[in-house]
Amino acid sequence: MLIGTGNRMEDKAGVTRTLSHLADRMTHINVESSADAWIDNFAVPNGLRDEVIGYITMDKAKLDMFDPNAEKCPTPRTWEAVSKRLKYLDTLNTPATQPIRHKMAQAVLAGELGQGEATRFWAFCGLWGKLPNVDDVLKDPAGHKADYPLDQQIALSIAIANKMEDKNFAAALEFINRMGEDMAVLAVKVGTKHKPELRRSDAFVKWAIKNTNVIHGFA
């Protein structure tokens, strides 16, 4: 079997019409991006930044906004690049370089996503500095407030997921479940991808039994 890949003609990406006698001997299949598959099978396993995963989780349509008429736009490829650019921007998060960090972020992210989406994404990144202390949340999962706006819920769920370990897994689930099933699924998915051994914990087994309808996503 021979398999070839390429762009569609309507994408205007260096593609010309396939020769008729060749097209007649091929099966053409259009492949579309899936935010869930991208997060589960690429973003999380490859350690893409939490901000990127959280932003795509909040609005899955953001993963692929390809526009053949735009100079730059969000695609799965550009989001991977954004994750790398954020590591560079972290190096500017010092008292001496803080004044230029925001301008640099706008320029760099616009160079990957386009100006409008770069502005929205950078505003979302600002949530990470406003989250409650995760250690404090895990110490008192029942007493800590959980009624945050959706964007903060997603950011907090991912932040907690990265802190998950066997000794605090039950407390993490207790708190995140108060924010809803979707947040719990997100946190468990991210947390157990980073630390597969958590899937053998008693807390995970109990959670999985209660959530058999979503457990297939953890293969």
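Bear in mind that the values here come from a model prediction, so they are computed numbers and not experimental data. Hydrogens, waters and symmetry mates are skipped; everything else that's a heavy atom, side chains included, is used. Positions are given from 1 along the sequence.
With hydrogens and angles ignored, the 3.5 Å screen pairs a side-chain donor or acceptor of Gln153 with a backbone N or O of Tyr148. Asn41 contributes a side-chain N or O that, together with a main-chain N or O of Ala37, makes up a donor-acceptor pair within less than 3.5 Å. Checked by atom type and distance alone, the side chain of Arg178 pairs as donor or acceptor with a backbone atom of Pro141 at under 3.5 Å. Judged by distance alone, the side chain of Asn168 and the main-chain N or O of Ala171 form no donor-acceptor pair under 3.5 Å.
When hydrophobic clusters are built by joining Ile, Leu, Val, Met, Phe, Trp and Tyr residues whose side-chain heavy atoms come closer than 4.5 Å, directly or via intermediates, Trp122 is grouped together with Leu92. The hydrophobic clustering, which links ILVMFWY residues whose side-chain heavy atoms are closer than 4.5 Å, places Leu19 and Met26 together. Taken together through direct or relayed side-chain contacts under 4.5 Å among Ile, Leu, Val, Met, Phe, Trp and Tyr, Met164 and Leu131 form part of one hydrophobic cluster. Follow the hydrophobic side-chain contacts under 4.5 Å out from Val82 and you reach Leu89 in the same cluster.
With rounding to the nearest 0.5 Å, the separation of CZ in Arg25 from CG in Leu2 is 13.5 Å. For the atom pair Gln115 CD and Glu71 CD, the distance stands at 11.5 Å (nearest 0.5 Å). Between the CD1 atom of Ile56 and the CD1 atom of Ile39 there is a distance of 7.0 Å, given to the nearest 0.5 Å. Residue Met1 holds its CE atom at 8.5 Å from OG1 of Thr27, rounded to the nearest 0.5 Å. With rounding to the nearest 0.5 angstrom, the CD1 atom of Ile158 is 9.0 Å from the CE atom of Met183. A distance of 6.0 Å separates CG in Asp40 from CG in Asp36, rounded to the nearest 0.5 Å.
Taking the six-membered ring for Trp and thresholds of 30 and 60 degrees, His144 and Phe175 have ring planes more than 60 degrees apart, a perpendicular arrangement. Ring pair Phe169/Phe204 is parallel by interplanar angle, where below 30° counts as parallel and above 60° as perpendicular. Note on ring orientation: taking the six-membered ring where Trp is involved, the planes of Trp128 and Phe124 are perpendicular (angle over 60°, cut-offs 30° and 60°).
For CE of Met104, the number of neighbouring non-hydrogen atoms (other residues, nucleotides, ligands) closer than 6.0 Å is 12 at most. More than 12 heavy-atom neighbours from other residues, nucleotides or ligands sit within 6.0 angstrom of NZ on Lys145.
The pair Glu80-Arg77 does not count as a salt bridge, with every side-chain nitrogen at least 4.0 angstrom from each carboxylate oxygen. Contact check on Glu197 versus Lys195 returns no salt bridge, with no Lys/Arg side-chain nitrogen under 4.0 Å from an Asp/Glu carboxylate oxygen.
Residues Arg49 and Lys87 form a side-chain contact, since some pair of their non-hydrogen atoms from C-beta on lies under 4.5 Å apart. In this structure, Met65 and Thr75 have side chains that are not in contact, with every pair of non-hydrogen atoms separated by 4.5 Å or more. Counting only heavy atoms from C-beta outward, the side chains of Met179 and Ser157 approach each other to under 4.5 Å. Looking at heavy atoms from C-beta onward, Thr97 lies out of side-chain contact with Arg101 at the 4.5 angstrom threshold. Proximity of Asn177 to Trp207: side-chain heavy atoms (C-beta onward) are separated by under 4.5 Å at one or more points. Side-chain atoms of Gln98 and Asn93, non-hydrogen and from C-beta on, do get closer than 4.5 Å to each other. No side-chain heavy atom of Thr78 sits under 4.5 Å from any side-chain heavy atom of Cys73. Two residues are said to be in side-chain contact when any heavy atoms from C-beta on lie closer than 4.5 Å; Pro74 and Lys62 fail this criterion.
Evaluation of the salt bridge (Lys or Arg N to Asp or Glu O under 4.0 Å) rule for Lys72 yields Glu112 as partners, not counting sequence neighbours.
The two residues Ala35 and Lys60 have their closest heavy-atom pair at CB-CB, 3.5 Å. Considering all non-hydrogen atoms of both residues, Leu86 and Cys125 come closest at CD2-SG, 4.4 Å. Among all heavy-atom pairs drawn from Val205 and Arg199, the shortest one is CG2-O, 4.3 Å. In terms of heavy atoms, Pro99 sits closest to Ala96 at CD-O, 3.9 Å. Here the shortest heavy-atom pairing between Leu138 and Lys163 reads CD1-CB, 4.3 Å. Considering every non-hydrogen atom in both Ile53 and Leu48, the closest pair reads CD1-O, 3.6 Å.
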Trace of the side chain to side chain contact (heavy atoms under 4.5 Å, CB included) decision for Trp79 with Phe42: CA-CA 11 Å; Trp79 283 117; Phe42 179 77; over 6 Å; no
Using the rule given for side chain to side chain contact (heavy atoms under 4.5 Å, CB included), can you reason through Ile154 versus Leu150, listing the C-alpha separation, both sets of side-chain angles and the distance that settles it, and then say yes or no? CA-CA 6 Å; Ile154 291 172; Leu150 178 60; 4.1 Å; yes
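Evaluated for a side-chain contact (heavy atoms from CB on, under 4.5 Å) with Leu186, the options Asp182, Val190, Val188 yield exactly one hit, Val190.
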